[in-house]
Amino acid sequence: QVQLVESGGGSVQPGGSLRLSCVASGYFYSSRCMGWFRQAPGKEREGVAAIYSAGGNTKYADSAQGRFTISQDNLKTTLYLQMNNLKPEDTAIYYCAATKSGCYIAAMISPYEYAYWGQGTQVTVSS
């Protein structure tokens, strides 16, 4: 049974930082993508950042570029998202996700590429 469990969400003021974590368990192919997605009220789920576990390739949404950093631990079982200079528009539920096998790098921040999802963690940016 594949499980993804996120943590690290919370409330911060604009300009603040948060670090999200996602612990993965269960069977995985080594060459998979893992990513962070978010969904704000009334909006569709959107990709934030993703990483190809085998090659380390990363991809960011324009809104995250330069502010967020995705990384994984050496065992490739924990995924991180360091978020700096947070803005009110970053407020959303953030989800960790993993592909079932393999990774189409050109579409690695598309939610449709991902088969496994965590339960989400709330991030609120407000003064």
Side-chain angles (χ1 to χ4, degrees):
Q1 183 74 16
V2 175
Q3 285 192 318
L4 302 171
V5 180
E6 305 98 332
S7 62
S11 296
V12 295
Q13 293 185 341
S17 297
L18 282 173
R19 189 192 197 202
L20 305 183
S21 299
C22 171
V23 177
S25 61
Y27 177 71
F28 283 108
Y29 286 97
S30 60
S31 58
R32 68 181 185 273
C33 274
M34 293 191 72
W36 288 99
F37 298 80
R38 68 186 183 188
Q39 189 165 17
K43 295 188 176 182
E44 293 186 355
R45 190 170 298 187
E46 62 176 359
V48 176
I51 187 167
Y52 175 48
S53 293
N57 311 61
T58 58
K59 189 175 180 68
Y60 295 89
D62 290 344
S63 59
Q65 190 74 44
R67 299 188 300 127
F68 295 1
T69 302
I70 189 170
S71 62
Q72 57 187 1
D73 69 344
N74 289 337
L75 294 177
K76 300 180 175 60
T77 59
T78 304
L79 184 72
Y80 303 100
L81 184 69
Q82 177 67 44
M83 304 187 293
N84 298 327
N85 190 23
L86 283 161
K87 304 175 181 181
E89 52 264 41
D90 295 318
T91 296
I93 299 174
Y94 283 70
Y95 298 90
C96 170
T99 58
K100 189 172 185 179
S101 63
C103 179
Y104 182 44
I105 294 179
M108 63 196 291
I109 59 170
S110 168
Y112 301 104
E113 294 295 308
Y114 291 79
Y116 305 112
W117 294 85
Q119 82 289 350
T121 185
Q122 176 71 46
V123 172
T124 302
V125 185
S126 174
S127 55

* Asked: Which other residues end up in the same hydrophobic cluster as Val5, if Ile, Leu, Val, Met, Phe, Trp and Tyr are linked when side-chain heavy atoms come under 4.5 Å apart?
  -> none
* Hey, what do you get for CD1 (Ile51) to CG (Asn57), rounding to the nearest 0.5 Å? -> 8.5 Å
* Asked: Quick one: side-chain hydrogen bond (donor to acceptor under 3.5 Å, both in side chains) partners of Ser17, sequence neighbours excluded?
  -> Asn84
* Asked: What residues form a side chain to side chain contact (heavy atoms under 4.5 Å, CB included) with Leu18, not counting sequence neighbours?
  -> Val12, Met83, Leu86, Val123
* **Side-chain (Glu6) to main-chain (Gly120) donor-acceptor, under 3.5 angstrom** => yes
* Asked: Who else is in the cluster with Leu75 when I, L, V, M, F, W and Y are joined by side-chain contacts under 4.5 Å?
  -> none
* To do: State whether the side chain of Thr99 and the backbone N or O of Arg32 hold a donor-acceptor pair below 3.5 Å, judged by distance alone.
  => no
* Asked: Can you list every pair that meets salt bridge (Lys or Arg N to Asp or Glu O under 4.0 Å) and has a residue in residues 82-92, with sequence neighbours left out?
  -> Arg38-Asp90, Arg67-Asp90
* Does the side chain of Pro14 come within less than 4.5 Å of Pro88's, by heavy atoms? -> yes
* Quick one: closest heavy-atom pair of Leu4 and Gln119, and the distance? => O-OE1, 3.6 Å
* Heavy-atom check, side chain of Thr69 versus side chain of Leu81, under 4.5 Å -> no
* Where is the tightest heavy-atom contact between Gln122 and Ala92, given as atom of each residue plus distance? -> NE2-O, 3.4 Å
* **Partners passing side chain to side chain contact (heavy atoms under 4.5 Å, CB included) against Thr78 (at least two apart in sequence or in another chain)** => Val23, Asp73, Tyr80
* Any pair with a residue in residues 41-68 that passes ring-ring contact (aromatic ring centres under 6.0 Å, His included), sequence neighbours left out, goes on the list, sorted by first then second residue, please. => none
* Measuring from Tyr95:OH to Trp36:CH2, what's the distance to the nearest 0.5 Å? -> 12.0 Å
* To do: Evaluate the criterion side chain to side chain contact (heavy atoms under 4.5 Å, CB included) for residue pair Phe37 and Glu46; output intermediate values, then yes/no.
  => CA-CA 6 Å; Phe37 298 80; Glu46 62 176 359; over 6 Å; no
* Test side chain to side chain contact (heavy atoms under 4.5 Å, CB included) applied to Ser11 - qualifying residues, sequence neighbours left out -> Thr124
Side-chain polar contacts of residues 102-114 - donor-acceptor pairs under 3.5 angstrom, sequence neighbours left out - could you list them?
unit_1: Ser110; atom_1: OG; unit_2: Tyr112; atom_2: N; d: 3.3
unit_1: Tyr114; atom_1: OH; unit_2: Met108; atom_2: O; d: 2.5

* To do: For Ala115, enumerate each residue passing the side chain to side chain contact (heavy atoms under 4.5 Å, CB included) test, keeping only those at least two apart in sequence or located in another chain.
  => Lys100
* How about Cys96 and Trp117: do any of their side-chain heavy atoms sit closer than 4.5 Å? -> no
